[in-house]
Amino acid sequence: MTPRLVGNYLSINQRPEYQGDRCATQGSIQSRASSVLHQGQVDDRSGQRHMWWPSSLLYPPPPSAFVTAMSVVSFASLASAGLSELRGQHMTYSKFWHVVSGQQQNKGGTGGAQLAGRHGMLVAYAPALVAAAASFVVPGAVEGLRAELLAAALAVHFLKRVLEVLFIHRYSGNMPLNTALAISSSYLLSAITMIYAQHLAVELPDPTTNLLYPGVLLFAVGIAGNFYHHYLLSQLRKGGDDNKGYKIPKGGLFEFVTCPHYLFEITGFFGFAMISQTVYALAMASGTAAYLVGRSFATRRWYESKFEEFPASIKALVPYIL
């Protein structure tokens, strides 16, 4: 405001008694402006930390060295295991226990401590089930609908596995203790890390594309298809003197591929990834897919070597394609 002389008097805003109030008012305005500017700079820096992340489908990676390392290690180790299966270096469970144990006996080895097949698979799956279920009672571990659905899906997945081991699957061989412990630690760490990564994602910007409900649907398809084909496998060895023998599976997608149960397991893991929309869940799903691709090719080769009449038209994993 421009000062004005009114007669012989100063205008009111020039009078000494009002100068202090005016300075105080200006100082308050400047302080508020500085505070707003500082907050804007903080928000801008926070936004810039995530501007480089291009995906509208995933949360940005959390500021966690543990989750970042687990994302890399989980994918790399599973993909490496898949390549080992392609090279004939098999994980010693299911039908490949007979293959590997035979090789070890030919070399004069014993393969170390052994568990009955059923007991070995319980060791493999039960700890991950306990971890997923326990996450609901750990304060702050599961926050929000997405985290709740992810933890519930993990618990359902491993509960199904344990129930299948107890009541569906039929076992004719053993399982090395070290193999059971390796599988168990992998599943346990993956379940814990998936839930922890989801917990950290609460502080991150949400993906612009919400895949939560399509992910739940994909998970349901995966778990149902996996169970159905596990049931078909169990019926091949039901009763009779030949209940420990192997046969060419029939029914469902076994008419087209040797391992439809693996195909649906991959489907279920990508269901996890869509529910979660975290980098770790996607890394775990991709690594699982890489491993099961290798395992399915190894399984197809095994059937070809065991059954001369094995149909050449049956693929390993994906009907008509792979």
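FYI, side chains are in, hydrogens and waters are out, and symmetry mates aren't considered; it's all heavy atoms of this structure. In this text, all values refer to a predicted model and were calculated from it rather than measured experimentally.
Nearest heavy atom pair, residue Phe272 against residue Leu150, reads O-CD1, 4.0 Å. The nearest pair of heavy atoms linking Tyr59 to Gln198 is CE1-NE2, 3.9 Å. Here the shortest heavy-atom pairing between Ala316 and Thr258 reads O-OG1, 3.1 Å. Listed here is the closest heavy atom pair of Ala133 and Ala155: N-CB, 4.4 Å. Closest non-hydrogen pair, Pro60 versus Leu204, comes out as O-CD1, 3.0 Å. Nearest heavy-atom pair, Pro207 versus Ser56, reported as atom, atom and distance to 0.1 Å: CB-O, 3.4 Å.
Side-chain heavy atoms closer than 4.5 Å link hydrophobic residues (I, L, V, M, F, W, Y) into clusters, and following such links, possibly through other members, connects Val279 to Leu78. Hydrophobic cluster membership is shared by Ile223 and Leu263, with clusters built from Ile, Leu, Val, Met, Phe, Trp and Tyr side chains linked at under 4.5 angstrom. Linking Ile, Leu, Val, Met, Phe, Trp and Tyr whenever their side-chain heavy atoms come within less than 4.5 Å puts Val162 and Met175 in one cluster.
When each of Ile266, Leu253, Leu233, Leu292 is tested with His261 by the rule side-chain contact (heavy atoms from CB on, under 4.5 Å), just one qualifies, namely Leu233. Test Leu212, Val202, Leu211 against Arg146 for side-chain contact (heavy atoms from CB on, under 4.5 Å) and you get one pass: Leu212.
By the 30° and 60° cut-offs, the orientation of the rings of His157 relative to Phe269 is perpendicular. Ring orientation note: the planes of His229 and Phe264 are close to parallel, at an angle under 30° on the 30°/60° scale.
Other residues, nucleotides and ligands contribute over 12 non-hydrogen atoms within 6.0 Å of the CD atom of Glu309. Within a 6.0 Å radius of CZ in Phe307, other residues, nucleotides and ligands contribute more than 12 heavy atoms. In His230, the NE2 atom is crowded: over 12 heavy atoms of neighbouring residues, nucleotides or ligands sit closer than 6.0 Å.
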Quiz item: Stepwise, does the side chain to side chain contact (heavy atoms under 4.5 Å, CB included) test hold for Phe219 with Val156?
Solution: CA-CA 10 Å; Phe219 168 74; Val156 168; 4.3 Å; yes

Exercise. Show your reasoning for whether side chain to side chain contact (heavy atoms under 4.5 Å, CB included) applies to Leu166 and Leu122.
Key: CA-CA 8 Å; Leu166 292 174; Leu122 283 175; 3.9 Å; yes

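In this structure, CG in Asn174 is found 12.5 Å from CZ in Arg118, a value given to the nearest 0.5 Å. Distance CG/Asn178 to CD1/Ile183: 10.0 Å, rounded to 0.5 Å. How far OG1 of Thr299 is from CD of Glu304: 11.5 Å, rounded to the nearest 0.5 Å. Between atom CZ of residue Phe136 and atom CD1 of residue Ile195 there is a gap of 7.5 Å, rounded to the nearest 0.5 Å. In this structure, Ser190 OG and Tyr280 OH are separated by 5.0 Å, a value rounded to the nearest 0.5 Å. The distance from atom CZ of Phe66 to atom OG of Ser71, rounded to the nearest 0.5 Å, is 9.5 Å.
Applying the side chain to side chain donor-acceptor pair (under 3.5 Å) criterion to Glu265, with sequence neighbours excluded, gives Arg161.
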